[in-house]
Amino acid sequence: MRPIQMVDLRQQYEHIRSEIDLAIREVLDSCAFINGKPVQEFAKHLSDYLSCQYTIPCANGTDALQIALMALGLQPGDEVITPSFTFIATTEVIALLRLKPVFVEVDPKTFCIDADEIEKAITEKTKAIIPVHLYGQSAEMEAIMEIARKHNLFVIEDNAQAIGCDYTFSNGVRQKTGTIGHIGCTSFFPSKNLGGYGDGGALFTNDEELARRIKMIVNHGQKERYYHEIVGCNSRLDTLQAAILDIKLKKLDDYIAARKKAADYYNTAFAGNKKINTPYTAPYTDHVFHQYTLILEDVNRSGLNKYLAEHQVPSMIYYPVPAHRQNMFASFGGGGYHLPVTDRLSERVISLPIHTELDEEQLSYITRKVLEYIN
Ligand SMILES: *Cc1c(COP(=O)(O)O)cnc(C)c1O
């Protein structure tokens, strides 16, 4: 059996090595390392894939979130509603810009922000909502957009874990996550579903004016070279990453299918076990399984984690400490929150290996080891 990893980038690379190596060589030959042709080509292909008007590449997913908030022209002290149960980047950029993160509970089954809880957290200072499509399924976007319209708020989707996921509106219309809110953000970190071989990120919008501002912000706020309209930063996707991502984008749907197949295998193996809640997918969304995350009932989680590690099966806790309990947010009232669902999930979740290269032998071994410990 091949060694099991959380994400097997090496095996995936073996399958596309000749294409990737050729693309890298072409970039090296061109010496256009910054803003080379592949950057705009990849952005165009990604816009086509998502059916979205503007894709603006940037340096990483955290920058994408920060730039989105900058583009909306928010003022220090403005409030931004976000789940506490997420990767730190979502919430960190809010504080970095001297805005106030307001943490809201997640749905106990979907792990995504609870739309019913958003409205309760809205004040006169609320300016934006950042739903996170956690683990690869969409937050309840129709309800969230409705709340945003009613209260005149911006919506920034954190789509770092769900690129390629379809959301279905109640009228049957399907739309890719990341293109529904005013701005969508994603990451091309190597382990993401569409991952490069280094850092990368992008912003999506269908709003011409927001696209114009975002394009300026990623490039020092300049409209024309050396004429700076607004405060910006330097956040670029480099040409090598764009060339690699352009190849992997063509395979994204196959990669998603492979992840779903692995998730199906796990679901079948764990079905009916009272100590394991397998991932729930809400009816309005597809699931692209960036993570395969179980909720354990009455299981010693660190014991399971250790047992699996002893048998060469990696497992991870995403995320052991929710944002409202991070020291980082102590001065933002982090300690004052009562988010029992978030706390409960952070104590009980465990993620198993999921990637495009898992074979049946590995899946059978992993599930056997999990059940051995639990039963
Ligand atoms: C990965 C990730 C980010 C940040 O992306 P980077 O490219 O690592 O900066 C933001 N939000 C979520 C939910 C993520 O999973």
Side-chain angles (χ1 to χ4, degrees), residues 47 50-56 64-86 90-91 93-94 97 99-107 109-134 137-163 165-186 202-214 217 282-286 339:
S47 283
L50 296 170
S51 297
C52 139
Q53 211 135 16
Y54 304 98
T55 295
I56 302 110
L65 290 158
Q66 180 189 323
I67 291 159
L69 288 166
M70 288 168 78
L72 298 176
L74 307 189
Q75 298 303 314
D78 283 350
E79 294 178 2
V80 179
I81 291 175
T82 171
S84 173
F85 194 67
T86 180
T90 319
T91 55
V93 294
I94 301 170
L97 295 173
L99 307 168
K100 186 178 178 223
V102 174
F103 302 118
V104 161
E105 195 64 289
V106 290
D107 180 286
K109 277 159 63 190
T110 66
F111 305 102
C112 293
I113 195 165
D114 185 337
D116 293 334
E117 295 295 316
I118 292 175
E119 222 158 6
K120 295 181 199 160
I122 293 174
T123 73
E124 268 157 32
K125 289 197 167 167
T126 308
K127 292 286 155 52
I129 308 167
I130 310 185
V132 182
H133 305 311
L134 204 72
Q137 78 171 309
S138 179
E140 221 183 328
M141 286 309 293
E142 187 162 2
I144 292 168
M145 294 311 290
E146 192 48 48
I147 293 165
R149 253 190 302 275
K150 195 168 133 196
H151 297 272
N152 204 18
L153 308 175
F154 291 111
V155 175
I156 300 170
E157 295 175 74
D158 184 341
N159 198 33
Q161 300 192 0
I163 194 131
C165 177
D166 276 313
Y167 180 86
T168 307
F169 286 86
S170 51
N171 63 4
V173 171
R174 287 159 74 97
Q175 204 173 332
K176 293 282 185 204
T177 54
T179 71
I180 302 167
H182 300 88
I183 304 176
C185 297
T186 205
L203 297 101
F204 312 110
T205 186
N206 288 310
D207 183 308
E208 192 183 344
E209 173 57 19
L210 282 175
R212 196 183 64 84
R213 287 179 64 85
I214 293 165
I217 293 169
Y284 47 75
T285 176
D286 183 22
L339 302 174

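The basis for the numbers below is simple: all heavy atoms, side chains too, and nothing from hydrogens, waters or symmetry mates. All of these numbers come straight from a predicted model, not from anything done at the bench. Numbering of residues begins at 1 and proceeds along the displayed sequence.
A donor atom on one side chain and an acceptor atom on the other are not found under 3.5 Å apart for Thr205 and Gln53. For the residue pair Thr186 and Asn159, no side-chain donor N or O sits within less than 3.5 Å of a side-chain acceptor on the partner. Side-chain contact of Glu142 with Ser170: a donor-acceptor pair under 3.5 Å is present, judged by distance alone. Counted by atom type alone, Ser47 and Thr55 present one or more donor-acceptor pairs between their side chains at under 3.5 Å.
Under the 4.5 Å side-chain criterion, counting only non-hydrogen atoms from C-beta, Ile144 is in contact with Ile118. Counting heavy atoms from C-beta on, the side chains of Thr82 and Ile113 never come closer than 4.5 Å. With a 4.5 Å cut-off on side-chain heavy atoms, Thr110 and Tyr284 count as touching. With a 4.5 Å cut-off on side-chain heavy atoms, His182 and Met145 count as touching.
Interatomic distance, Phe85 CZ to Leu134 CG, rounded to the nearest 0.5 Å: 6.5 Å.
Residues passing the side chain to side chain contact (heavy atoms under 4.5 Å, CB included) test with Glu209 are Asp207, Arg212, Arg213, sequence neighbours excluded. Ala64 is linked by a side chain to side chain contact (heavy atoms under 4.5 Å, CB included) to Cys58, Cys185, Leu203, counting only residues two or more places apart in sequence or in another chain.
Each of Ile214, Ile183, Val93 was checked for a side chain to side chain contact (heavy atoms under 4.5 Å, CB included) with Ile67, and the lone residue meeting it is Ile214.
Scanning all heavy atoms of the two residues, the minimum distance from Tyr167 to Ala139 falls at CE1-O, 3.5 Å. For the pair Asn171 and Val173, the tightest heavy-atom approach, listed with the atom from each and the gap, is OD1-N, 3.0 Å. Nearest heavy atom pair, residue Ala121 against residue Val104, reads CB-CG2, 3.6 Å.
A distance-only check finds no donor-acceptor pair linking the side chain of Thr177 to the backbone of Ser138 [under 3.5 Å]. When atom types are taken as modelled, the side chain of Thr86 and the backbone of Pro83 share no donor-acceptor pair closer than 3.5 angstrom. Listed for the Gln175 side chain is a donor-acceptor partner under 3.5 Å among the backbone atoms of Thr179. Listed for the Glu157 side chain is no donor-acceptor partner under 3.5 Å among the backbone atoms of Gly184.
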**Request:** Could you check Leu153 against Ile122 for side chain to side chain contact (heavy atoms under 4.5 Å, CB included), going step by step and ending with a plain yes or no?
**Result:** CA-CA 10 Å; Leu153 308 175; Ile122 293 174; 3.8 Å; yes
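In this structure, Asp166 pairs ionically with Lys176, as a charged nitrogen and a carboxylate oxygen lie closer than 4.0 Å.
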